[in-house]
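These numbers were taken from a predicted model, which means no experiment stands behind them.
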Amino acid sequence: MKLFDAFRKKQETLAPVTVTDTQIAAIADCEMMNVADVKDEMFAQQMLGQTVAFLSDADTLTVCAPANGTLSVMFPTGHAFGITMESGVALLVHIGVNTVEENGSGFTILKKKQGDSVKAGDPIVTVNLKQLRKKYDMSTMLIVTDTNGHEVKIETVSSVTRGQIIGEVL
């Protein structure tokens with residue numbers, strides 16, 4: 001049994017990411033998609049704020065912090081978390097559509113806790129996409145929920161790698 005416990009606790013080792021405190025980075029190695037194609041009007045119409053969406057065809061995905069800041073929100077279900085940047089800009093990462101219904105099944109919250117300082121690229125949640133995509137649209141949204149009076153520019157590109165700069169607070 002101890003062998004299995006060690007296996008469960010083993011975390012994927014990810015290379016460090018270097019971004020400035022004003023830059024926004026990709027949350028994982030995945031494809032950026034047109035947010036209008038997300039199967040939820042709230043996200044597709046960007047009702048919560050400027051939104052970009054990511055999609056991965058992997059079986060599991062480690063979703064990482066998109067910016068340096070504070071892990072200001074960590075949903076206990078693991079389906080969403082928020083980062084507040086030093087500028088006061090608030091970002092929300094929402095993994096999948098309606099995945100809150102799973103009550104945490106398919107999500108593993110890693111070492112970071114609400115209130116912790118994070119750096120872009122820090123692993124926050126591991127997601128069992130293979131399990132969850134049987135029932136849910138597993139698009140992952142990155143939403144600017146509060147600009148705190150700043151202009152935030154995010155570019156939509158096709159393939160991205162974890163930590164690749166995709167935006168900036170101006």
Original post:
Closest approach of Phe107 and Gly78, non-hydrogen atoms and distance?
Top reply: CD2-O, 3.4 Å
Original post:
Is Ile27 close to Pro66 at the side-chain level, that is, under 4.5 Å between some pair of heavy atoms?
Top reply: yes
**OP:** Show your working on side chain to side chain contact (heavy atoms under 4.5 Å, CB included) between Thr140 and His94 and close with a plain yes or no.
**Re:** CA-CA 6 Å; Thr140 296; His94 194 284; over 6 Å; no
Original post:
Which heavy atom in Gly69 sits nearest to a heavy atom in Ile83, and how many Å separate them?
Top reply: CA-CG2, 4.2 Å
Original post:
Short question: side chain of Glu168, backbone of Lys153 - any donor-acceptor pair under 3.5 Å?
Top reply: no
**OP:** State which residue, out of Leu91, Leu92, Val89, fulfils the side-chain contact (heavy atoms from CB on, under 4.5 Å) condition with Thr145.
**Re:** Leu92
Original post:
Is it true that atom CG of Asp37 has more than 12 heavy atoms of other residues, nucleotides or ligands lying nearer than 6.0 Å?
Top reply: yes
Original post:
Roughly how far, to the nearest 0.5 Å, is NZ of Lys119 from CG of Asp21?
Top reply: 6.0 Å
Subject >> Value rounded to 0.5 Å, distance of CD1 in Ile143 from CD in Gln46 >> reply: 9.0 Å
**OP:** Please name the residue in the list Val127, Leu61, Asp29 that meets the side-chain contact (heavy atoms from CB on, under 4.5 Å) test with Ser56.
**Re:** Leu61
Subject >> Approximate separation, where rounding is to 0.5 Å, of Ile95 CD1 and Thr77 OG1 >> reply: 9.0 Å
Original post:
Same hydrophobic cluster for Val93 and Leu132, using side-chain heavy-atom links shorter than 4.5 Å among ILVMFWY?
Top reply: yes
Subject >> Euclidean distance, Phe54 CZ relative to Met141 CE, rounded to 0.5 Å >> reply: 10.5 Å
Subject >> Co-membership, hydrophobic cluster, residues Leu142 and Val160, 4.5 Å side-chain >> reply: yes
Original post:
Are side-chain heavy atoms of Ile124 and Leu110 found at a separation under 4.5 Å?
Top reply: no
**OP:** Any chance you could measure Arg133, atom CZ, to Ser139, atom OG, to the nearest 0.5 Å?
**Re:** 10.5 Å
Original post:
Roughly how far apart are Ile165 CD1 and Ile154 CD1, rounded to 0.5 Å?
Top reply: 13.0 Å
Original post:
Of all residues at least two apart in sequence or in a different chain, which pass the ring pair (Phe, Tyr, Trp, His ring centres under 6.0 Å) check with Phe75?
Top reply: His79
**OP:** Could you pull out the closest heavy-atom pair between Val35 and Phe43, with the gap in Å?
**Re:** CG2-O, 3.5 Å
Subject >> Heavy-atom donor-acceptor pair, Gln114 side chain to Met74 backbone, under 3.5 Å >> reply: yes
**OP:** Please report the shortest heavy-atom distance between Gln164 and Ser159, naming the atom on each side.
**Re:** OE1-O, 3.9 Å
Original post:
Within the distance-only criterion (no hydrogens, no angle test), does the side chain of Gln131 pair as donor or acceptor with the backbone N or O of Asn128 below 3.5 angstrom?
Top reply: no
**OP:** Given side chain to side chain contact (heavy atoms under 4.5 Å, CB included), test Val118 with Thr70 step by step and report yes or no.
**Re:** CA-CA 6 Å; Val118 295; Thr70 301; over 6 Å; no
Original post:
Passes side chain to side chain contact (heavy atoms under 4.5 Å, CB included), Met85 versus Val169? Steps please.
Top reply: CA-CA 9 Å; Met85 299 174 72; Val169 176; 3.8 Å; yes
Original post:
So which heavy atom on Ile109 is nearest to which on Pro76, and how close?
Top reply: CD1-O, 3.6 Å
**OP:** May I ask you to check whether Thr22 and Glu86 show a side-chain donor-acceptor distance below 3.5 Å?
**Re:** no
Original post:
Between Asn98 and Tyr136, is there a donor-acceptor pair closer than 3.5 Å when you use the side chain of the first and the backbone of the second?
Top reply: no
Subject >> Shortest non-hydrogen separation from Lys111 to Asp116 and the atoms involved >> reply: O-OD2, 4.2 Å
**OP:** Could you tell me whether a side-chain N or O of Arg162 sits under 3.5 Å from a main-chain N or O of Ala26, the two making a donor and an acceptor?
**Re:** no
**OP:** For the pair Asn68 (side chain) and Val19 (backbone), establish whether a donor and an acceptor sit closer than 3.5 Å, ignoring hydrogens and angles.
**Re:** yes
Subject >> Residue pair Thr60, Thr62: steps toward the side chain to side chain contact (heavy atoms under 4.5 Å, CB included) verdict >> reply: CA-CA 7 Å; Thr60 60; Thr62 299; over 6 Å; no
**OP:** Verify the cluster assignment for Val125 and Leu71: are they in a single hydrophobic cluster under the rule of side-chain heavy atoms below 4.5 Å apart?
**Re:** yes
**OP:** Using the rule that two of Ile, Leu, Val, Met, Phe, Trp, Tyr join whenever any of their side-chain heavy atoms come within less than 4.5 Å, decide whether Met32 and Val63 are in one cluster.
**Re:** yes
**OP:** Is it possible for you to say whether Leu55 and Met42 belong to one hydrophobic cluster, with membership spreading through side-chain heavy-atom contacts below 4.5 Å?
**Re:** yes
**OP:** Report yes or no: do Thr84 and Ser72 form a side-chain donor-acceptor pair below 3.5 Å?
**Re:** yes
